[in-house]
Amino acid sequence: MVFYFKARPDAGDYTIFMGLDKFENEELIKYGFPEDVWFHVDKMSSAHVYLRLHRGQSFDDISEGVLEDCAQLVKANSIQGNKVNNVDVVYTPWSNLKKTASMDVGQVGFHNSKMVRTIRVEKRVNEIVNRLNKTKVERTPDLRAEREAVNAAERAERKQHLREKKKREEIDRLEKERQAEMRSYKGLMVTDKMTSNKDIASSNKSLQELEDDFM
């Protein structure tokens, strides 16, 4: 089971989601999207909360309002963190999550600690948590199939870009050949290589002689 929430409407159309338990968290870790940003209460047990950004965005583009929504949701879904003030919430891109065979189910590390950021949550804001909970939807998605569909779409897009690139290169090649051919043709038409009627008349050759020359 995965729980989906909608971030504050004035910030844009952003989906926040989290797994029901550590086994769902394991699936979310395994089949995340490049646009996903992971949130967790620092040094405490909590839900793994994800924010799905729009394509092309990075976690530098998260607005303060959406960041606050995610942090409040993480705190509210931490048994220990929900009871205390001044909780730190860490967040990082999904691609920075590190999973090894020695880790417990749902446990993660980081490839690059410099890609991990921290936000301080002074206290729970019920107004925010209640607003998010009103948008809550429960689903049982096939996370693997969703990820494979995205991979297939990305492969198709790369192939299309490659076809378009090859087409542009072929058009450029044909145009260069055409330009080279035109330059060559113009070279044959230069003035000092052409014979005018005046030149023919001044040569004092008879019509028969000119025809013989042509032949």
Side-chain angles (χ1 to χ4, degrees), residues 1-78 81 87-100 103-119 121 128-129 131-133 135-158:
M1 184 75 68
V2 179
F3 303 107
Y4 295 86
F5 307 83
K6 283 295 183 182
R8 56 189 66 194
D10 60 335
D13 185 18
Y14 289 99
T15 297
I16 304 170
F17 55 99
M18 64 183 185
L20 173 65
D21 53 32
K22 63 182 181 180
F23 300 102
E24 238 87 32
N25 290 337
E26 194 75 9
E27 292 292 292
L28 292 172
I29 293 167
K30 188 175 182 180
Y31 298 115
F33 285 23
E35 294 80 18
D36 292 344
V37 180
W38 175 89
F39 291 79
H40 196 276
V41 173
D42 192 26
K43 299 176 182 177
M44 294 182 188
S45 176
S46 78
H48 292 212
V49 170
Y50 290 83
L51 168 68
R52 181 151 295 167
L53 298 175
H54 301 311
R55 192 172 184 182
Q57 289 185 318
S58 73
F59 77 145
D60 292 321
D61 300 317
I62 304 174
S63 67
E64 291 185 6
V66 174
L67 198 59
E68 185 178 28
D69 280 0
C70 295
Q72 283 290 331
L73 192 61
V74 173
K75 174 177 167 55
N77 287 275
S78 169
V87 171
D88 285 334
V89 171
V90 294
Y91 64 103
T92 193
W94 166 80
S95 59
N96 193 41
L97 297 180
K98 180 181 179 181
K99 185 72 182 181
T100 63
M103 291 179 176
D104 292 335
V105 175
Q107 184 182 4
V108 294
F110 308 114
H111 292 290
N112 184 356
S113 60
K114 293 181 180 180
M115 291 289 289
V116 181
R117 296 184 182 175
T118 304
I119 178 174
V121 182
I128 295 176
V129 176
R131 169 174 51 78
L132 289 168
N133 282 331
T135 69
K136 182 178 177 180
V137 175
E138 301 178 11
R139 289 200 293 118
T140 307
D142 187 335
L143 297 172
R144 179 177 179 177
E146 289 183 357
R147 181 61 197 161
E148 288 177 348
V150 170
N151 289 342
E154 289 176 347
R155 286 194 298 270
E157 185 176 1
R158 286 195 295 269

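What you see below is based on every heavy atom in this structure, not just the backbone, and it leaves out hydrogens, waters and symmetry mates.
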- Quick one: do Arg117 and Asp60 make a salt bridge, cutoff under 4.0 Å? yes
- Query: Is the side chain of Lys136 donor-acceptor paired with the backbone N or O of Tyr4 at a distance under 3.5 Å, no angle test?
  - Reply: no
- Query: By side chain to side chain contact (heavy atoms under 4.5 Å, CB included), which residues pair with Phe33, not counting sequence neighbours?
  - Reply: Glu35, Asp36, Arg52, Glu146, Arg147, Val150
- Item | Nearest non-hydrogen partners of Ala7 and Leu132, listed with the distance | CA-CD2, 4.3 Å
- Message: Would the distance check show the side chain of Thr118 and the main-chain N or O of Val90 forming a donor-acceptor pair, the cut-off being under 3.5 Å?
- Response: no
- Query: Taking only residues two or more places apart in sequence or in another chain, which ones pass ring-ring contact (aromatic ring centres under 6.0 Å, His included) with Phe5?
  - Reply: none
- Donor-acceptor pair, side chain of Glu24 and main chain of Val2, under 3.5 angstrom: no
- Task: Identify the heavy atoms of Ile119 and Ala71 that sit nearest to each other, and give their distance.
- Result: CG2-CB, 4.1 Å
- Message: My understanding is that only residues two or more places apart in sequence, or in another chain, count here; which of them pass ring-ring contact (aromatic ring centres under 6.0 Å, His included) with Phe23?
- Response: none
- Message: Among Ile128, Asn133, Val129, exactly one meets side-chain contact (heavy atoms from CB on, under 4.5 Å) together with Arg131. Which residue is that?
- Response: Ile128
- Query: Is there a donor-acceptor contact under 3.5 Å from the side chain of Trp94 to the main chain of Ile29?
  - Reply: yes
- Query: Judged by atom type as modelled, is there a donor-acceptor pair below 3.5 Å linking the side chain of Lys75 to the main-chain atoms of Gly81?
  - Reply: yes
- Task: Check whether any side-chain N or O of His111 sits under 3.5 Å from a backbone N or O of Leu97 as a donor-acceptor pair, and report yes or no.
- Result: yes
- Task: Please assess Asn77 against Met18 for the test side-chain contact (heavy atoms from CB on, under 4.5 Å), listing each intermediate value before the final yes or no.
- Result: CA-CA 10 Å; Asn77 287 275; Met18 64 183 185; 3.2 Å; yes
- Calculate, to the nearest 0.5 Å, the distance between atoms CG and CD belonging to Leu143 and Glu148 respectively. 11.5 Å
- Message: Would you say that Phe39 contacts Leu73 through its side chain, given a criterion of any heavy-atom pair below 4.5 Å between the two side chains?
- Response: no
- Sequence-distant partners of Asn25, side-chain hydrogen bond (donor to acceptor under 3.5 Å, both in side chains), two or more places apart: none
- What are the two closest non-hydrogen atoms of Ala47 and His40, and how far apart are they? O-CD2, 3.7 Å
- From the list Asp69, Ile16, Asp13, side-chain contact (heavy atoms from CB on, under 4.5 Å) partner of Lys6 resolves to Asp13
- Message: Any salt bridge linking Glu26 with Lys22? Criterion: basic side-chain nitrogen under 4.0 Å from a carboxylate oxygen.
- Response: no
- Query: Taking everything shown except Lys98 itself, do over 12 heavy atoms lie less than 6.0 Å from its NZ?
  - Reply: no
- Task: Heavy atoms only: give me the nearest Ser78-Ser46 pair and the separation to one decimal.
- Result: CB-CB, 3.5 Å
- Message: Checking ring pair (Phe, Tyr, Trp, His ring centres under 6.0 Å) between Tyr50 and each of Tyr14, Phe17, Tyr31, which is the one that passes?
- Response: Phe17
- Value rounded to 0.5 Å, distance of OH in Tyr91 from CG in Leu51: 10.5 Å
- Non-neighbouring partners of Asp88 that pass side-chain hydrogen bond (donor to acceptor under 3.5 Å, both in side chains), sequence neighbours left out: Arg120
- pair Glu68-Arg8: side-chain heavy atoms closer than 4.5 Å: yes
- Between the OG1 atom in Thr15 and the NE2 atom in His54, the distance rounded to the nearest 0.5 Å is 8.5 Å
- By side chain to side chain contact (heavy atoms under 4.5 Å, CB included) - contacts of Met115 (at least two apart): Phe59, Thr92, Pro93, Asn96, Asn112
